[in-house]
Amino acid sequence: MEESESASDKPRPWQSYHTVYTNAKAGMDGVDKEKVQRVVYEMSKGSKYFENEERKEALIRQKIEHMRARAAKLSAADLSHYQKVADKRILELDSTRDLSRIWLHVDMDAFYAAVETLSNPSLKGKPMAVGSMSMISTANYEARKFGVRAAMPGFIARELCPDLIFVPTDFKKYTYYSDLTRKVFWDYDPNFMAASLDEAYLDITKVCEERSITGAEIAEELRSRVHEETGLTCSVGVAPNRLLAKVCSDINKPNGQFVLPNDRMAVMTFISSLPIRKIGGIGKVTENILKGVFGISTCEEMLQKGSFLCALFSHSSSDFFLSVGLGLGGTDTPEARFRKSISSERTFSATEDAALLYQKLADIAEMLSADMQKEGLSGRTLTLKLKTASFEVRTRAVTLQKYISSSDDIVKHASNLLKAELPISLRLIGLRVSHFNEDKGGVSGDPTQKTLTTFFKSVDASRRTGNDQRSLGSDLSDLHFISEKETAISLDNNETCHHEFGDPFERKHLSDMDDKNCISSINACEMEKIDELSSNKTAAMVNTADVKERTTKSPKRDLSRVSEDDSSVQREPEDSNPDRLNKEPSTSGNEEFFSLNQMEMLFWVDDYKCSLCGAELPSSFVEERQEHSDFHLAERLQEEESGTGLSSLIPRLRIVPEDCSGSQNRRKKHKSSPKQGMHLPIDSFFTKKSSGQ
DNA sequence: CTACACATT
DNA sequence: AAACAATGTGTAG
Ligand SMILES: Nc1ccn([C@H]2C[C@H](O)[C@@H](COP(=O)(O)OP(=O)(O)OP(=O)(O)O)O2)c(=O)n1
Ligand SMILES: [Mg+2]
């Protein structure tokens, strides 16, 4: 506020620092962005963190310059060619539009903060943030008025709002309330996809039909039911696909809803003036690049600049951008995917003491190994992640001949990787294991499928548009199946963080955009479905409706993890830990879902009784519930097994195909697959080569 | 495959 | 004083 200087000559260095904290977000209406910018800058400048941010920004600026130069070099002939390419792709994409489904996205308002206020009403009306001085998970709307928001360090937030009250995170609480909301969601779509503890996607097509009522009415009813059951408010978005529904739920947040009719014209009108940054998958960097290089700020401009996008970006990236311009998104259903990697990392005060670093490494290996054991995982690729004292991140990986999972094996190989980096001053060490064996995909026919998939790639790939992905399994009401993980961490005191897993919604792609290509993906998803397994045997039993065509969603598992770490704070019972670190309850529990879900759905009636066997377990017994669901899962798996022949299964089994290369999407772009050149050879040549010089 | 970058919660 | 953690995905080489 007051930057009282009227003088225009005064230097304002903070204006050059681009924080993400001033981006539009619900509750940021009357915020004095200039002040936030200045305070964040003042609190940041001179720090190692800040210097690294500046370095990264400089690289992005370079990237933009480079792309600009390439765009400027395109000849009239090139542009003419790409215009044709773009027009053709737009037509193809548009032909995949499916306006037959009605998707609803629910997003709880200031979730963690709202839950904390329920348990401590005295917080009502006061600016409050959930998290620590190091990191804030979220803030209530009173605090947001000051510019305080998720992902902001607490010490900076306090500067913006001196009276800010800090409340440590308590995942058990959030999981409990999340389960309550899911119970409501389940009534509208038993196959709903949970995107995180506080978000979910529901395909309400069927409910609307059966009850002959509109999406708006369902939204209204669902919101009031959620409020009745939990005392919490949420915001809803209803649209023809998930990508749009997600955007819509943010429009009238908090405690509001927005319905986008299943009408092509309505969609195009809506999407046209929409800032691209509102689309999931388009973050700070992508926004800057599209704006800086092509002057694109709104979705409709994606179509207008289609020729440039096709000329400078990879096929998948440009397809994604074009589909955004058309307002396309995922309308299909499920598929659950299994985790592809598991990792653990820790931040500590920077040190260059090799012995100390090796000790930290061993600690992390221990935690990771423990997490892997909980899920019976073992993998061949080990990746060491390092963050230097200057915040520079490095990764070093090795792919082994054999699968490893023991702490000793991990430490052994990780030490070799670290050794090559010494001497070095680090502030974080992390380890990730991927290339699993376990899950392997067993189940019927995977191998075959993969192969086939490969072939199809070009072909069918087709996709269906949109895609999102999702994840989650969905359902299950209670159990949180899905798992979301949230983690909180703590550093010194308690910091917390968290996060959940993903939601997969729409796109992913991204990547670095670099000059040539970048991003991509869009559709995708498809993939094989696992269904084989699950659906087969089990599915048969229950299925709710069965249908949706194929399997319906399967569950997904998820990942969750936890780590514990040093001490710190609380942790609850074990695995799930409390705040600080993350936690999530479940862990292995998730896996079950998928099967459970499909088949019968294990559900906690009245929130305490198992729908399958009547056993009573209050939702606060997170772990116990997991074990319980595991038990049922195991039952099902056995049944399945006998049928399919999987043999070892363990709890998690199912695996999905996954394969490394990405089957699903196909689009990965040329890169990996040599073959695909078919469709875009021309583009590729021009794009990369000729223009690039 | 490896390394890196981006995104999301 | 103080800037997380976990996962997925794309891409270049
Ligand atoms: N960087 C982030 C983003 C989110 N969260 C947590 C806290 C949120 O309560 C929860 C849900 O995320 P949302 O993005 O939906 O944010 P909120 O629900 O808090 O607020 P909103 O009202 O904007 O949805 O996830 C977090 O810990 N760190
Ligand atoms: Mg929310």
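Naming: A, B, ... by sequence-line order, numbering from 1 per chain.
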Phosphate contact ([N] OP1 or OP2) by [X] side-chain N/O below 4.0 Å:
X: S341(A); N: dG8(C); result: yes
X: T399(A); N: dC1(B); result: no
X: R396(A); N: dC4(B); result: yes
X: S47(A); N: dA3(C); result: no
X: T286(A); N: dC6(B); result: no
X: K340(A); N: dT7(C); result: no
X: S314(A); N: dT11(C); result: yes

Counting any heavy atom closer than 4.0 Å, what does [X] reach on the DNA or RNA strands: base, sugar-phosphate only, or nothing?
X: R380(A); answer: sugar-phosphate
X: F111(A); answer: nothing
X: K56(A); answer: nothing
X: I156(A); answer: base

Open item on the list: Can you work out whether R277(A) or L59(A) has the more 5'-proximal nearest nucleotide on DNA chain B?
Closed with: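 Result of the comparison: L59(A).
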Is [X] atom [atom1] crowded by more than 12 heavy atoms from other residues, nucleotides or ligands, each under 6.0 Å away?
X: K48(A); atom1: NZ; result: no
X: E366(A); atom1: CD; result: no
X: R380(A); atom1: CZ; result: yes

Value in whole Å for how far the [atom2] atom of [N] lies from [atom1] of [X]:
X: I136(A); N: dC4(C); atom1: CD1; atom2: P; answer: 13 Å
X: R149(A); N: dT8(B); atom1: CZ; atom2: C1'; answer: 14 Å
X: L164(A); N: dA2(C); atom1: CG; atom2: P; answer: 20 Å
X: L197(A); N: dA6(C); atom1: CG; atom2: P; answer: 16 Å
X: R394(A); N: dA5(B); atom1: CZ; atom2: P; answer: 12 Å
X: F313(A); N: dT11(C); atom1: CZ; atom2: P; answer: 11 Å
X: L377(A); N: dA6(C); atom1: CG; atom2: C1'; answer: 14 Å
X: D319(A); N: dG10(C); atom1: CG; atom2: P; answer: 13 Å

Open item on the list: Could you check whether K360(A) makes a cation-pi contact with F348(A), meaning its NZ or CZ is under 6.0 Å from the centre of the six-membered ring and within 45° of the ring axis?
Closed with: yes
Would you mind telling me which of [options] lies closest to the side-chain atoms of [X]?
X: F155(A); options: dA6(C), dA2(C), dC1(B); answer: dA2(C)
X: S316(A); options: dA3(C), dT11(C), dC4(B); answer: dT11(C)
X: T347(A); options: dT2(B), dC4(C), dG8(C); answer: dC4(C)
X: M135(A); options: dC4(C), dC6(B), dG8(C); answer: dC4(C)
X: K63(A); options: dT9(C), dA3(B), dA5(B); answer: dA5(B)
X: R432(A); options: dC4(B), dA3(C), dG8(C); answer: dG8(C)
X: E199(A); options: dC4(C), dG8(C), dT9(B); answer: dT9(B)
X: F391(A); options: dA7(B), dA3(C), dA2(C); answer: dA3(C)
X: I60(A); options: dG8(C), dC6(B), dT7(C); answer: dC6(B)
X: R346(A); options: dC4(B), dA6(C), dT2(B); answer: dA6(C)

Task: Residue closer to the 5' end of DNA chain C, K385(A) versus R427(A) (nearest nucleotide) - done: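 Its nearest nucleotide being more 5', the pick is R427(A).
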TODO: Give a yes or no on whether a salt bridge exists between E199(A) and K246(A), defined as a side-chain N under 4.0 angstrom from a carboxylate O.
DONE: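 Yes, charged N to carboxylate O under 4.0 Å.
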- [ ] Look up atom NE2 in H315(A) and atom SG in C310(A), then write down how far apart they are to the nearest 0.5 Å.
- [x] 7.5 Å
TODO: Considering only atom C1', compute the distance from dC4(C) to dA7(B) and round it to an integer number of Å.
DONE: 15 Å
Task: ring-ring contact (aromatic ring centres under 6.0 Å, His included) involving F50(A) - partner list, sequence neighbours excluded - done: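 Listed in chain order: Y17(A), Y41(A).
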